[in-house]
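Read the structure below first, then the notes.
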4 protein chains.
Amino acid sequence: MARPKSEEKRTQLLHAAAEAIAQRGVGAPTAMISAMAGVAEGTLFRYFPTKEVLFNEMYLHIFRQLCDATGAVLDPSQPLLQRAEMSWNSYIDWGLAHPAWIKAVNQLGMTDILTEETRDIERTLFPDVGLMEACEKSELFEGLNIAFGDAMFIAIADATLRFAAQEPARADEYKLSGFKAFARIFLTSA
Amino acid sequence: MARPKSEEKRTQLLHAAAEAIAQRGVGAPTAMISAMAGVAEGTLFRYFPTKEVLFNEMYLHIFRQLCDATGAVLDPSQPLLQRAEMSWNSYIDWGLAHPAWIKAVNQLGMTDILTEETRDIERTLFPDVGLMEACEKSELFEGLNIAFGDAMFIAIADATLRFAAQEPARADEYKLSGFKAFARIFLTSA
Amino acid sequence: MARPKSEEKRTQLLHAAAEAIAQRGVGAPTAMISAMAGVAEGTLFRYFPTKEVLFNEMYLHIFRQLCDATGAVLDPSQPLLQRAEMSWNSYIDWGLAHPAWIKAVNQLGMTDILTEETRDIERTLFPDVGLMEACEKSELFEGLNIAFGDAMFIAIADATLRFAAQEPARADEYKLSGFKAFARIFLTSA
Amino acid sequence: MARPKSEEKRTQLLHAAAEAIAQRGVGAPTAMISAMAGVAEGTLFRYFPTKEVLFNEMYLHIFRQLCDATGAVLDPSQPLLQRAEMSWNSYIDWGLAHPAWIKAVNQLGMTDILTEETRDIERTLFPDVGLMEACEKSELFEGLNIAFGDAMFIAIADATLRFAAQEPARADEYKLSGFKAFARIFLTSA
DNA sequence: CATGAATGAGTATTCATTCAT
DNA sequence: TATGAATGAATACTCATTCAT
C-alpha cells in the first residue's frame, strides 16, 4: 500500500521518539518528537495514526537494530561458548554506543503501552544464540519456558550495561566479568 | 493541635500511588491516586507537596518493605549460601505476593522522576546478604563496584519473578531454578 | 457584642493582610496572611467571616491611620495654606514611612473588592483640610462635586509619593515641589 | 505555511483580557478571556505563553492606543498651552469612551504583574506634550525627574476621569475644570 | 476560643489530534 | 503530501472555608 512518501522522515520520527522518551519519559509530547525529527506537528500523524502506534513501532525498530547487532556476529559453526560471547560483546557494545535507545526501550518495556502484538513480535526477533537449546538441555531449566535463558541474558546484560555506562573507563572489565558470570549459569557443567 | 495528620492516610496514599502507577504508569493522575486512597484531591497535597515527592517517597516506602521482607530472614550465623537462598526466596515470595508494587517500583526505577537523593537512600537500604563481601573476594568481580553483586541478584530475581508470575503453577520451580542459576555465579568455586 | 477575644490578634491580622497584599496582590492567600499574623489558618475566620470582609476592614483600618496622621496636625486657627501644607507633609511622611500600606490601599482601591459601604465610610474619614470649602468657593470648581478637591490632593500626593520613594535622597524636594504644585490649583488667586 | 496566525485573534484576546480585568480584576480566569475573545481555551496560549505575558502585552497595547489618541492631536506649531489642552481633551475623551480599558490599565498598573521591561517601554510611549521641557524650565520642578510632569498630567486626568465618568452629564465641566487646574501648575507665571 | 486537617471547586497550562490551507 | 493553527479535554496544584479536636 501507499507507504507515505519519505522513508527517511519515518526513520527520523522513530529515532526522535526514542530520543524524546530517553529524555522525558513516555510522557514526551508528540510536538517534541516532531520538532526533534525536523517535521511539522501534523506530519507525525501522517506516518503514525497515534502516539501509541508510534511508540510500538519505535520499540520494534530499535529492538530490531539491537538484535541485528547482536545476531550479526553469530557464526553457527562455532561452539556455544564462543557464539554467546560474541553476541554478549556485541550487545554490550551496542548498548554503550546507544545509551538513549537502551533507555527508551527499557522505559517503554515496563509500560502497558506496548501491545500484546508487539510483545509477540519481539519474542520472534531475538537472535538464536543457542540459549533456548541450552535451556532445554540444562538440568537447571528443565521443563521451564525456553525463553528463560534469553531473559537471563538480557537481564544480566542490562545490569552490566548500567555499571559499564557509569564507569566508562572500566567498561571492558564489566563487559568481561558480566559475561563470565552469565557463562557460569549456562556453561558450567553441573 | 487541632487534629494530627493521619499516618494512616499517608500510608493509604503511598499504596494508592503504587497501585495507580502499576495500572496506568507514571502518568497516573493524582486525582486517581487520591480517589484510590479514599481522600479528597487536595488532601494528597497536604501530605506530599508534589506528585514527584509522592512518587519518590512511595518508591522508598515500597523498597523498604521489600528489603524488610528480604532481610528479615537473614541469620548471620548461617553460611552465605543459606543466607542467600533465604533472602532469594523471601524476595520472590514477596514479589509474587505484591505484583503491583513490584511493577510500580520497576516502572518508577526506569524513570528520571527518582531523585539522586532517593537513589542514594535506596543503596543504603538493601540488606547485606553478604554479596558485597562475596563480590570483593570473587576473582570475577575483583576491583569492580561492590554493588554489582546486589544488582545481579535483583536483575535475575526480577526476571525470575516475571516468569513465575506468568506461570503461577510453576512458580516454585522458577524460584528454585532462578536461585540455582544465581548461586552458580557467586558460589561456584572457580 | 462578643468581639472576639484578642484585639491584638485582630490588629495583627489587619496588618498582615496589608503586608500580604503589598507583596502578592489581592490574590494573596488567607493562609499567608494568617501565617504572617502568627495565628492558625482557621483563626483568621473567627475574626473575619470572609476574605473580602477582612480586606474591607483592613482598607478602612489603614485609611483611618493615614487620616489620623494627616489630620492630627490640623490647627483650625491657621489659614488654609498652612493647614494644607501641614497635612500635605504629614501625608507624604506617613506614606514614605509605610510604603507597604500605601501600596496595599492603592491596590485594593482599584478593585471591586471594596463595597459601596466601605467607599461611603472612606469619604467620611478624610480630614477636613478645608479643601471642600475652597472647592465650593473656587470659581474653578463651582458647582462640581465638593470631593473633587480631596481627590486632587490625594492624586497629586500619590504621584509625588511615587517619585519621592524612588529617589529617597530627594524626598524633601519632591515633597515641597508637589505641595507647591498642588497649592497653585487651590491657592492661586485667579 | 498551513495557516498564518491570525492578527485579528491576537487583538481579540488583548481586548478580551482588558475587558475581563475590568470586570473581575487580575484574577480573571484565562478561560473567561478566551471565551470573551471567541476562541478555545488552548488557543490563548498559542498567542501568549502565559497569562502574565498576555497581561503585559495587553497593557502596552492599550497604553499605546491611549497615547495615540492623546498624541495624534499634537501640533508642534502651537504654543504649549494649546497643545496641552488638545492632549488633555483627547485623553479625557478617550478615557470616557473606553472606561473598561482605563480601569484595566489602572488596575494592572498597581500590580507587580507588569515587568520592568514593560515599565521601560511605557515610559517611551507617552507622547511629548511638552511637559518634560516645561518641567525642566519650571522653577518648581528644577532638578527633579522630568517625568514628574507627565505623572502629574496622568494623575490629575485620572482623578478627573473618575468624576466625569460618575456624572456623565457634566463630563465637559469636569474636563474643563480639570484642565484649568492642571494648567495652573505648569502655566502659571510664578 | 484556637487550631490545623480536610475538603473540592477553581485555575493555568499542556497536549494528542484534527483539518483548513 | 506537508504544514501548523485550532481545539478542548485532561491534569497538577491552590485556596477559601469548614469543622473535629
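Order of the sequence lines sets the chain letters (A, B, ...), proteins ahead of strands, with each chain counted from 1. The figures that follow rest on heavy atoms only: side chains count, while hydrogens, waters and symmetry mates do not.
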Mind checking Phe48(D) for me? I need base, sugar-phosphate or nothing, with any heavy atom below 4.0 Å counting as a touch.
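No contact.
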
With sugar-phosphate meaning primed atoms plus P, OP1 and OP2, does Ala35(C) contact a base, only sugar-phosphate, or nothing at under 4.0 Å between heavy atoms?
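No contact.
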
Which whole-number value in Å describes the distance from [X] [atom1] to [N] [atom2]?
X        : N       : atom1 : atom2 : answer
Lys9(D)  : dG4(F)  : NZ    : P     : 17 Å
Tyr47(B) : dT7(E)  : OH    : P     : 8 Å
Arg3(D)  : dA2(F)  : CZ    : C1'   : 14 Å
Glu41(C) : dA6(E)  : CD    : P     : 12 Å
Phe55(D) : dT11(E) : CZ    : C1'   : 12 Å
Leu13(A) : dT17(E) : CG    : P     : 14 Å
Phe45(B) : dT11(E) : CZ    : P     : 17 Å
Leu44(C) : dA16(F) : CG    : C1'   : 10 Å

Watson-Crick or G-U wobble partner of dT21(E), both distances under 3.5 Å
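Partner of dT21(E): dA2(F).
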
G-U wobble or Watson-Crick pairing nucleotide for dT7(F) (cut-off 3.5 Å, both distances)
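Across all strands, the one nucleotide that pairs with dT7(F) is dA16(E).
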
Tell me whether the NZ or CZ atom of Lys9(D) lies within the 45° cone about the ring axis of Tyr47(D) and under 6.0 Å from its centre.
no

Result for 5'-nearest mapping on DNA chain F, choosing between Val39(A) and Thr43(D), is Val39(A)

5′-ward residue of the pair Ala28(B)/Arg24(C) relative to DNA chain F
Ala28(B)

Glu7(B)/Arg10(B) salt bridge by N-O under 4.0 Å criterion
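Judged by the 4.0 Å cut-off on N to carboxylate O distance, Arg10(B) and Glu7(B) do form a salt bridge.
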
dA12(F), OP1 or OP2 - any side-chain N/O from Thr30(B) closer than 4.0 Å?
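For dA12(F), OP1/OP2 do have a side-chain N/O of Thr30(B) under 4.0 Å.
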
Is any side-chain N or O of Arg46(D) closer than 4.0 Å to OP1 or OP2 of dA5(F)?
yes

Least distance between heavy atoms, Phe45(C) atom then Thr50(C) atom
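Taking Phe45(C) first and Thr50(C) second, the nearest heavy atoms are CE2-CA, 4.3 Å.
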
So among Leu14(B), Thr118(B), Thr124(B), which one has a side-chain contact (heavy atoms from CB on, under 4.5 Å) with Leu60(B)?
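So, applying the side-chain contact (heavy atoms from CB on, under 4.5 Å) to Leu60(B) and each of Leu14(B), Thr118(B), Thr124(B), only Thr118(B) qualifies.
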
Could you point out which residue of Lys103(C), Gln107(C), Arg24(C) forms a side-chain hydrogen bond (donor to acceptor under 3.5 Å, both in side chains) with Asp112(D)?
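Output: one option passes, namely Lys103(C).
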
Does Gly38(B) or Val26(A) map to a spot on DNA chain E nearer the 5' end, using the closest nucleotide for each?
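Result: Gly38(B).
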
